[in-house]
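Both ligands and their constituent atoms are indexed starting at 1 by order of listing.
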Amino acid sequence: MENGAAQPVIVAIDGPSGTGKSSTSKAVAAQLGLRYLDTGAQYRAITWWMVSNGIDIDDPSAIAAAAGKPEIVSGTDPAGPLIEVDGVDVAGPIRTQEVTAKVSAVSAVPEVRTRITELQRTIAAGAESGIVVEGRDIGTTVLPDADVKVFLTASAEARAARRSAELKGADLATTREALVRRDAADSGRTTSPLAKAGDAVEVDTTELTLAQVIECVVTLVEEKRAER
Ligand code: DC
């Protein structure tokens with residue numbers, strides 16, 4: 001067990017939007033002294049670059065041809081994860097409604113996924129103490145050998161309510177509709193869709209507080225470490 005505690009631990013947290021993935025992942029990483037990677041931010045960053053450079057989002061071949069061009073740098077500090085494209089801090093611009101509306105189309109393109117997946121694996125391999133990686137396909141595709149896999153879910157109503165609060169009271173029905181549409185696109189794409197890994201622990205967060213979800217994931221990681 002002493003040796004086990006020193007080994008890096010890889011934690012994959014997947015699930016649709018509004019399930020509390022980011023808040024949970026950051027808090028678990030901070031609490032356990034692990035690095036943190038927001039893979040959605042990487043897909044948003046490449047989408048922001050496509051939009052900023054006039055690439056036609058409705059043309060997958062144009063997206064594929066440009067997929068290798070932007071340089072994307074992700075920080076892994078849970079207290080302030082950095083995201084840069086070609087040396088520009090894009091933490092703000094990647095959260096606009098325009099990027100949110102276009103990110104599913106960009107992230108469905110196989111060339112984009114190959115590029116970003118490689119980046120994610122390199123970052124995870126370099127995290128000496130271990131890392132919490134949040135996304136949609138981490139447990140299934142990016143890091144299938146992760147030590148702990150969690151799949152967070154919640155009712156569409158709960159997810160929309162959380163997202164609308166984050167967006168400072170955006171209309172609930174519109175938020176719910178946009179969220180359900182994005183999840184359907186992310187789950188329905190051919191390459192590496194949003195999916196629960198067979199060996200992931202599913203946690204329905206509908207009736208749970210954030211603190212309860214964090215505690216649940218921390219316990220799963222600690223149990224895994226104790227097994228080693
Ligand atoms: O977690 P998020 O809402 O910031 O993610 C934005 C989008 O990025 C999401 O709608 C789908 C895509 N994404 C993905 O395809 N694979 C991941 N591992 C993470 C995000």
Side-chain angles (χ1 to χ4, degrees), residues 10-26 29 36-51 57 60 63-64 67 70 72 74-76 78 81-83 85 90-124 131-144 146 149-154 156 159-160 162-167 170 175-197 200 205:
I10 306 276
V11 183
I13 303 194
D14 291 302
S17 331
T19 49
K21 280 196 312 289
S22 293
S23 310
T24 303
S25 303
K26 276 189 242 182
Y36 160 72
L37 179 63
D38 176 358
T39 64
Q42 298 175 312
Y43 285 103
R44 287 171 179 274
I46 200 164
T47 302
W48 173 84
W49 185 91
M50 299 278 169
V51 171
I57 301 299
I63 296 173
I72 296 171
S74 296
T76 58
L82 168 109
I83 178 82
V85 182
V90 293
I94 63 168
R95 304 286 162 195
T96 60
Q97 271 190 1
E98 184 181 20
V99 169
T100 303
K102 293 180 172 165
V103 63
S104 292
V106 173
S107 57
V109 174
E111 286 78 359
V112 169
R113 299 209 74 79
T114 303
R115 167 106 206 277
I116 302 289
T117 298
E118 271 172 23
L119 193 59
Q120 292 161 355
R121 288 181 178 150
T122 304
I123 293 169
I131 190 164
V132 179
V133 184
E134 66 144 303
R136 303 289 191 291
D137 62 338
I138 309 306
T140 52
T141 304
V142 179
L143 301 165
K149 297 184 188 178
V150 178
F151 194 80
L152 298 183
T153 61
R159 297 190 293 114
R162 289 171 190 164
R163 200 32 62 91
S164 127
E166 271 170 27
L167 299 173
T175 306
R176 185 184 189 284
E177 201 184 301
L179 191 133
V180 168
R181 199 180 322 117
R182 186 149 65 94
D183 290 342
D186 294 339
S187 307
R189 68 176 172 237
T190 314
T191 310
S192 199
L194 161 66
K196 176 182 172 297
T205 70

statement: Given the options Thr19, Asp14, Thr140, Phe151 meets side-chain contact (heavy atoms from CB on, under 4.5 Å) only with Asp14
- prompt: Which ligand 1 atoms are under 4.0 Å away from a heavy-atom of Asp137?
  reply: 16 (N), 17 (C), 18 (N)
- request: Show which atoms of ligand 1 fall inside a sub-4.0 Å distance from at least one heavy-atom site of Arg182.
  value: 3 (O), 5 (O), 6 (C), 7 (C), 9 (C), 10 (O)
- prompt: Which heavy atom of Thr205 sits nearest a heavy atom of Ala154, and at what distance?
  reply: OG1-CB, 3.5 Å
- prompt: Ignoring hydrogens and geometry, is there a side-chain-to-backbone donor-acceptor pair from Thr96 to Pro93 under 3.5 Å?
  reply: yes
message: Taking side chain to side chain donor-acceptor pair (under 3.5 Å) as the definition, give me every residue that meets it alongside Asp183, ordered by chain and number, with sequence neighbours left out.
response: Ser17, Arg159
Option nearest atom 7 (C) of ligand 1 (shortest heavy-atom distance, choices Thr140, Asp183, Val103): Val103
task: Do me a favour and list the nearest non-hydrogen protein atom to atom 4 (O) of ligand 1 with residue, atom name and distance?
output: Arg44 NE, 2.7 Å
- request: Quick one: look at Arg163 and ligand 1, take heavy-atom pairs under 4.0 Å, and tell me if it's side chain, backbone, both or neither.
  value: neither
message: Using a plain distance cutoff, I'd like to know if Ser17 has any nitrogen or oxygen under 3.5 Å from a nitrogen or oxygen of ligand 1.
response: no
- request: Classify the contact between Arg113 and ligand 1 as side chain, backbone, both or neither, using a heavy-atom distance cut-off of under 4.0 Å.
  value: side chain
- prompt: Can you tell which part of Arg136 has a heavy atom less than 4.0 Å from ligand 1: side chain, backbone, both or neither?
  reply: both
query: Going by heavy atoms, is Lys102 under 4.0 Å from ligand 1?
result: no
- prompt: Within the structure, does Thr39 bring an N/O atom to less than 3.5 angstrom of an N/O atom in ligand 1?
  reply: yes
Counting only pairs under 3.5 Å, give me each side-chain donor-acceptor contact of residues 37-46, with atom names and distances, residues two or more places apart or in other chains.
residue	atom	partner	partner atom	Å
Asp38	OD1	Gly40	N	3.1
Asp38	OD1	Ala41	N	3.1
Asp38	OD2	Arg95	NH2	3.2
Thr39	OG1	Glu134	O	2.6
Gln42	OE1	Gln120	NE2	3.0
Gln42	NE2	Ser74	OG	3.0
Tyr43	OH	Arg113	NH2	3.3
Arg44	NH1	Ile94	O	3.1
Arg44	NH1	Thr100	OG1	3.0

query: So, for Arg189 and Ser107, which heavy atoms are closest and what is the spacing to 0.1 Å?
result: NH1-OG, 3.8 Å
message: Within the 3.5 Å criterion, strictly below it, is a donor on Ser192 or Thr141 matched to an acceptor on the partner's side chain?
response: yes
message: Between Arg163 and Glu166, does any side-chain N to carboxylate O distance fall below 4.0 Å?
response: yes
field: For Gly135, atoms of ligand 1 separated by under 4.0 Å from a heavy atom
entry: 18 (N), 19 (C)
field: Atoms in ligand 1 flagged as close to Arg95, the criterion being non-hydrogen separation under 4.0 Å
entry: 4 (O)
- prompt: Atoms of ligand 1 less than 4.0 Å from Ser104 heavy atoms?
  reply: 10 (O)
message: Evaluate Glu177 against Arg181 for salt bridge (charged side-chain N to carboxylate O under 4.0 Å, His left out), listing each step before the verdict.
response: CA-CA 6 Å; Glu177 201 184 301; Arg181 199 180 322 117; 3.4 Å; yes
query: Is it the side chain (CB and beyond), the backbone, both or neither of Arg189 that lies under 4.0 Å from ligand 1, heavy atoms counted?
result: side chain
